[in-house]
Amino acid sequence: MEIQKILFPQVGRCTEREMYFRLEKSGFGSNQMLFYDNERQTILFRTGEKVWFDTYFNGFSIEKWKKYTVLDKLTLKLELSGKFKVILLSKEKIHNEIYEKIIRAVIIDTDVREMCEFSFEDGTAKGMYTFGLEALSDDSTFYGGAYCSSICQESVREVKIGIGICTYRREAFVRKNLKILRDCVLENKSSPLYDHVEVFVADNGRTLAVEELQTPQVHIYPNRNVGGAGGFTRDLIEMMQNNDIYRITHVLLMDDDIVIEPEALVKTYMLLSLLKEEYLDTFVGGAMLRLDRQYIQVESGAVWNAGHLDPLKMNLDLRQCEACLYNETEEFSEYNAWWYCCFPIDIVTSENLPLPIFIRGDDLEYGLRNMKHLILMNGICVWHEPFENKYSSFLEYYIIRNLLIDNALHYPEYNAKKLNHALFKHCIQEIMFYRYKNIDLYFQGINDFLKGPAWLMQQDGEALHQQIMAAGYKAVGIDQLDMRFSYPKYCRSFEIQHTTRSKIKRNLTFNGLFLRAKGEGIVQMASPKTVQFYRKKRVMHYDAAAKKAFITERNVGQSVSCLLRTFGMMLHISFRLKKVQQKYREEGKQLRTLAFWTRYLGMDRNEMDDMRCKDENK
């Protein structure tokens with residue numbers, strides 16, 4: 001049985017060569033191979049050249065496979081022609097040292113293209129298994145291969161994955177990913193996943209061409225715009241209610257704005273097929289890699305810490321073997337984000353659906369509620385636009401409201417003192433950024449939480465979101481603003497430094513708020529610094545990726561008003577928080593039921609027909 005295929009860089013997915021194989025300097029003093037054929041996925045060697053496959057996509061996570069699955073003996077099959085030394089080895093990171101053990105080295109000499117098999121039988125089953133190739137003659141060629149194992153059919157579980165996607169007006173991404181799934185899985189009879197995948201797309205924007213994209217394995221549902229929580233829950237309901245037809249065993253929730261690696265799906269499927277009995281309730285998570293720098297890992301699992309999110313293994317450079325070996329180290333994690341999160345469909349019941357909290361915290365709460373084990377493995381990933389390129393003012397409302405809901409259900413110790421400390425710190429920062437609308441959204445998020453679960457249960461999520469969107473700052477093209485944009489001025493803002501003297505002066509004058517304003521500034525939208533606003537009259541908040549911006553202007557009166565309102569809100573929290581938290585623990589379970597969601601999504605026939613008619617008349 002083929003467990004993991006040897007992969008090569010591919011245009012349209014990932015072209016970072018060192019995530020697939022690494023070159024060793026040859027006797028020619030060059031680390032460039034004679035020829036790598038991207039189209040045919042082959043490597044042609046000259047004498048003395050060495051290539052190592054101890055990489056993110058081609059190392060084999062033997063320790064995790066042994067722990068979680070019934071995998072026994074592992075072999076490596078390589079298709080070669082010419083004369084090679086094939087080196088099998090294991091690698092493990094302990095503290096800051098990398099320990100390498102050569103398991104065996106074998107000479108292969110063949111004039112024809114031949115499939116050769118090698119055993120890892122004497123390995124330690126620790127860390128990563130991998131291999132290297134050294135050419136002993138010119139024109140030696142490597143055509144590909146796979147890690148394999150002989151497993152009796154009785155040990156292989158029947159698995160069918162239901163992929164759930166939620167989308168809102170991202171037609172290009174959805175089309176691209178559906179094409180990848182069709183070409184590599186759904187219509188590819190040679191794929192291990194053929195006939196083992198169904199795709200469910202909740203179309204919150206109701207803009208997808210259903211007749212064009214829908215197939216017997218791709219199911220598209222026009223849905224109300226009730227955020228990721230509403231879209232993913234719609235997918236879960238459709239799978240759950242129709243599972244006598246689909247026979248799905250596992251759900252895989254994926255974002256719409258990602259680039260997927262089909263072999264990550266295959267690896268997930270193989271893991272699930274070979275799980276040991278004690279890990280049948282496990283979640284399989286995919287790491288998030290940056291879309292702009294595809295070798296940077298943003299997150300691989302996360303810890304919640306009552307609202308202070310800690311992404312695990314953040315900012316690793318996956319071109320480095322050491323980073324890949326660090327990924328092999330398992331750490332405590334509490335959830336995996338829904339850009340790629342797979343779990344048994346048995347978890348999904350009419351009493352155990354996500355909460356209707358639109359975005360930011362839905363995957364967190366569901367993971368805290370249901371996840372017992374999480375498998376994270378090199379090669380299971382998606383590429384996603386980095387978060388610093390996705391700032392939205394309206395998120396201020398959802399971040400604080402949903403954090404309070406999650407804490408009420410899963411961290412009762414989050415008391416008024418802790419919330420008031422976070423509130424004061426956040427509002428002072430927003431005052432210094434002149435982002436007064438953000439403070440209003442933050443207060444509204446807290447006030448709406450304090451109304452209790454009954455209020456949330458009665459909301460029209462779509463209408464509420466429209467109101468929240470209208471309340472925040474709107475980024476527009478810089479040519480639409482009444483401030484001139486200067487890229488050098490924007491770059492210089494990053495060079496402004498703190499000094500002890502300037503920090504004292506800024507603290508004494510409330511960042512210059514009580515001094516005469518002078519000049520204008522340009523800052524990064526997603527992560528500005530208070531020093532960049534010192535004594536500025538107006539500031540442009542610029543998004544370099546979208547090339548859009550909005551302007552905030554200093555207003556002493558508004559600043560004082562916001563500060564006074566902050567103290568008032570802190571007093572309100574002190575009286576109300578504990579009672580509301582108790583209500584969420586007692587009544588919040590109703591928010592995750594099928595009965596609630598059917599009404600909230602408008603899934604009865606008359607309401608859905610009305611929704612379609614409104615769309616047609618737009």
Side-chain angles (χ1 to χ4, degrees), residues 164 166 202 223-224 226-241 243 251 253 281 283 304-307 334-338 341 343-374 397-416 419 445-462 464-465 573 576-604 607:
C166 169
N223 200 48
R224 286 183 169 174
V226 283
F232 285 125
T233 302
R234 178 63 185 273
D235 291 332
L236 294 175
I237 291 172
E238 296 293 346
M239 293 184 212
M240 178 179 66
Q241 291 190 323
N243 210 27
V251 175
L253 300 183
D281 59 355
F283 280 47
W304 171 53
N305 287 335
E334 294 182 279
Y335 83 102
N336 197 86
W338 283 354
C341 186
F343 50 87
I345 198 169
D346 293 346
I347 288 173
V348 184
T349 70
S350 59
E351 303 295 321
N352 191 36
L353 294 168
L355 292 180
I357 54 180
F358 205 89
I359 49 177
R360 290 301 178 97
D362 44 359
D363 50 3
L364 162 64
E365 195 283 327
Y366 204 64
L368 291 173
R369 194 195 320 163
N370 294 295
M371 193 180 81
K372 297 175 183 176
H373 308 286
L374 176 63
Y397 170 85
Y398 290 108
I399 289 170
I400 184 60
R401 189 199 69 177
N402 297 348
L403 179 145
L404 293 175
I405 293 173
D406 291 343
N407 279 345
L409 295 172
H410 298 286
Y411 187 64
E413 294 82 4
Y414 192 79
N415 55 27
L419 174 55
I446 295 174
N447 277 323
D448 285 352
F449 166 78
L450 293 175
K451 293 172 185 175
W455 172 85
L456 184 59
M457 203 172 297
Q458 296 164 6
Q459 289 309 297
D460 180 331
E462 197 164 18
L464 176 63
H465 182 61
I573 288 168
R576 291 280 299 150
L577 181 65
K578 192 172 182 179
K579 294 179 181 178
V580 176
Q581 287 176 328
Q582 186 61 33
K583 281 193 173 184
Y584 267 96
R585 288 190 285 274
E586 293 172 353
E587 304 170 17
K589 290 181 180 179
Q590 299 176 52
L591 292 163
R592 62 196 204 194
T593 64
L594 180 61
F596 164 78
W597 273 103
T598 301
R599 178 185 61 79
Y600 186 74
L601 292 174
M603 288 181 67
D604 67 88
E607 285 193 60

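Basis for what follows: all heavy atoms, side chains included, without hydrogens, waters or symmetry-related copies.
Atom-to-atom distance recorded for Asp362:CG and Arg360:CZ is 10.0 Å, nearest 0.5 angstrom. Here CD of Gln241 is found 5.5 Å from CG of Leu594. Values are rounded to the nearest 0.5 Å. Atoms CG and CE, on Leu591 and Met457 in that order, are 4.0 Å from each other to the nearest 0.5 Å. Atom OH of Tyr414 is separated from atom CG of Leu419 by 4.5 Å, given to the nearest 0.5 angstrom. Interatomic distance, Glu365 CD to Ile357 CD1, rounded to the nearest 0.5 Å: 6.5 Å. The structure places CG of Asn407 at 9.5 Å from CG of Leu368, a figure rounded to the nearest 0.5 Å.
Residues Phe283 and Asn370 meet the side-chain proximity criterion, which asks for heavy atoms closer than 4.5 Å. The shortest distance between side-chain heavy atoms of Leu236 and Leu253 falls below 4.5 Å.
Classified by interplanar angle (parallel below 30°, tilted 30° to 60°, perpendicular above 60°), the ring pair Tyr398/Phe358 is parallel. Taking the six-membered ring where tryptophan is involved, the planes of Trp597 and Tyr600 are perpendicular, since the angle between them exceeds 60° and thus also 30°. Between Tyr584 and Phe449, the ring-plane angle classifies as parallel under the 30° and 60° cut-offs.
Not one N or O on the side chain of Asn336 forms a donor-acceptor pair closer than 3.5 Å with the backbone of Cys341.
Between Val348 and Met240, the closest heavy-atom pair is O-SD, 3.6 Å.
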